Protein chains: 2
Amino acid sequence: MRIGELGAAAGVEVETIRYYEKRGLLPEPGRGANGYRMYAQTHLERLAFIRHCRALDMSLDDIGRLLELTAHPEAECRDVGRLIDGQLIRVRERLNSLHALERQLQFLRARCSSREQTGNCGILHELIAASQGEPCVCHSTEEKAKSRRICGSTGFYCKR
Amino acid sequence: MRIGELGAAAGVEVETIRYYEKRGLLPEPGRGANGYRMYAQTHLERLAFIRHCRALDMSLDDIGRLLELTAHPEAECRDVGRLIDGQLIRVRERLNSLHALERQLQFLRARCSSREQTGNCGILHELIAASQGEPCVCHSTEEKAKSRRICGSTGFYCKR
DNA sequence: AAAAACCCTGTAGTCGCTACAGGGTCAAGG
DNA sequence: CCTTGACCCTGTAGCGACTACAGGGTTTTT
């Protein structure tokens, strides 16, 4: 089948399929006389595998590692387990930080009465006071110290 | 103070500071005769404000909107509240999806006994079976349908 | 004086996609 | 047969929030 059919079968964009091939996750398919990619059922299964792992929020690098392990039956199951464990740890860490963040935002949200102008806005007061070194309601001292090491919005794939 | 001092005072990389300036979040500072940026206390406060909002996982665009509101005391407090509300919604949505993901990974993790080789690995069996169209333990039918619309790892800043 | 640290602008890269640009191929309809 | 629209190709660029150079100038430390 052609790339559009593969994409439709797996619910994946054509560009994403080409991206995975470029990344080495999907093997290069054969080509027709017109240069079009011709995919087999095995490609669909590989793509489904990848998408399944992506649904588990695994990085493409980790998925590549899993695929390597699949290709080597003598490798230990524990290596697979390690990848899943790593992912679980990351998920839990992110859950913790998001729970804290939710609490912080709720505190902050409670400061706004909706009827005032920003000159009297409790939220902005809090944010501005915090930027001037005063304690703020949305961060405890410990959490405030931690927030100095912002990791950005990417969560799982923090570079450091 | 120079950019390195500002960065040290706020716990921010020099490149990030320049990035914020390029993004228009930080006002351009004056320059010395040598072309070096010379920052005032107000810059430090603005930077702290930005970092505080980043700690609340707000996007730079939203932070820019907040700064605009700060600059216009006649604007309504409810506009600020709206930004925080939007952020709260995003945090909660992300929490929900991560909880589901944690459950899925736990199910999957339970399949690995650690002593086997990947040829008999329960995790891989699950992932491979799922890629071949069989039901899997880590996704209920409903969740599996949803996972076809993978949003990627960026969570908050999903384009669609 | 030399070396190290700091600064500058501009560019490129990370992650996982997504969206073109420019051009070729195929199938359906007039 | 011709036209049109859908599909395909490769290559490049962009998103968000940074981070890391490259190449060169300035300041501080040894």
Side-chain angles (χ1 to χ4, degrees), chain A residues 1-26 28-39 47 50-51 53-64 87 90 94 147-160, chain B residues 1-8 10-26 28-39 47 50-51 53-65 87 90 94 147-160:
Chain A
M1 64 187 132
R2 296 192 309 202
I3 194 168
E5 291 163 278
L6 181 67
V12 188
E13 302 278 357
V14 157
E15 286 111 344
T16 306
I17 296 173
R18 284 195 281 252
Y19 175 65
Y20 288 160
E21 178 185 317
K22 187 172 178 181
R23 283 288 302 252
L25 296 180
L26 258 189
E28 289 190 39
R31 303 272 182 149
N34 54 12
Y36 286 12
R37 292 169 173 81
M38 297 307 303
Y39 292 98
L47 185 57
I50 293 164
R51 297 308 296 179
C53 294
R54 284 295 303 126
L56 298 172
D57 232 14
M58 294 178 71
S59 70
L60 295 185
D61 278 352
D62 273 0
I63 292 167
Q87 187 64 5
R90 282 188 290 272
R94 188 72 177 133
S147 76
R148 283 180 165 262
R149 280 283 128 212
I150 299 287
C151 203
S153 63
T154 57
F156 286 121
Y157 310 113
C158 179
K159 290 176 196 160
R160 292 222 312 249
Chain B
M1 61 184 138
R2 296 193 307 204
I3 194 169
E5 291 164 276
L6 181 67
V12 188
E13 302 279 357
V14 157
E15 286 112 343
T16 306
I17 296 173
R18 285 196 282 251
Y19 176 66
Y20 289 160
E21 179 185 316
K22 188 171 178 181
R23 282 286 304 253
L25 295 179
L26 256 190
E28 289 191 36
R31 302 271 183 153
N34 54 11
Y36 286 12
R37 292 169 171 82
M38 296 309 300
Y39 291 99
L47 185 56
I50 293 165
R51 299 306 297 180
C53 295
R54 286 296 303 127
L56 298 172
D57 232 11
M58 292 176 72
S59 70
L60 295 185
D61 279 351
D62 274 359
I63 293 166
R65 284 181 199 109
Q87 187 63 8
R90 283 188 288 272
R94 187 71 178 134
S147 74
R148 283 181 165 262
R149 279 287 128 211
I150 300 287
C151 203
S153 64
T154 57
F156 286 121
Y157 310 113
C158 176
K159 290 173 193 160
R160 293 220 320 248

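Throughout, a chain's letter reflects where its sequence line sits, starting with A, and its residues are numbered from 1. On a predicted model such as this, the values are computed, not experimentally measured, just so you know. What you see below is based on every heavy atom in this structure, not just the backbone, and it leaves out hydrogens, waters and symmetry mates.
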To the nearest angstrom, the CD1-P distance between A:I17 and C:dG16 comes to 17 Å
Check your understanding: According to a strict under-4.0 Å criterion, is A:T16 in side-chain N/O contact with OP1 or OP2 of C:dT18?
Key -> yes
Could you check whether any side-chain heavy atom of B:V14 comes within less than 4.5 Å of a side-chain heavy atom of B:R37, counting everything from C-beta outward?
no
* At under 4.0 Å, does any side-chain N or O of A:R51 touch on OP1 or OP2 of C:dG16? -> no
Rounded to whole Å, OH of A:Y39 lies from P of D:dC7 at a distance of 16 Å
Whole-Å distance, B:M1 CE to C:dC6 P, equals 16 Å
To the nearest angstrom, the CZ-C1' distance between B:R90 and D:dG16 comes to 13 Å
Between CZ of A:R23 and C1' of C:dG16 the distance, given in whole Å, is 8 Å
Self-check item: B:I3 side chain near B:Y39 side chain, heavy-atom distance below 4.5 Å
Solution: yes
Scanning both residues in full, the closest heavy-atom pair of A:A10 with A:L47 reads CB-CD2, 3.4 Å
Worksheet item: If only side-chain N and O atoms of B:R31 are considered, is one of them under 4.0 Å from the OP1 or OP2 phosphate oxygen of D:dT26?
Response: no
Atom NZ of B:K22 and atom P of C:dC8 are separated, to the nearest Å, by 15 Å
| When you check the phosphate oxygens OP1 and OP2 of D:dG16, does a side-chain N or O of B:Y19 lie under 4.0 Å from one of them? | no
note: B:Y20, atom OH; D:dG16, atom P; distance rounded to Å ~ 14 Å
Closest to the side chain of A:D61, out of C:dT18, D:dA17, C:dC15, is C:dC15
Check: Has B:R37 got a side-chain N or O lying under 4.0 Å from the OP1 or OP2 atom of C:dC7?
Finding: no
Residues A:M38 and A:R2: closest non-hydrogen pair is SD-CG, 4.0 Å
- Min side-chain heavy-atom separation B:L60-B:R54 under 4.5 Å: yes
In whole angstroms, the gap separating P of D:dC18 from CE of B:M58 amounts to 13 Å
- Query: Can you tell me if A:Q87 uses its side chain to pair, donor with acceptor, with the backbone of A:D57 under 3.5 Å?
  - Reply: yes
Letter by letter from the 5' end, nucleotides 20-28 of chain C scores (B base, S sugar-phosphate only, - none; protein heavy atoms under 4.0 Å) ----BBS--
Heavy-atom nearest pair, A:L25 first then A:G64, reads CD2-CA, 3.6 Å
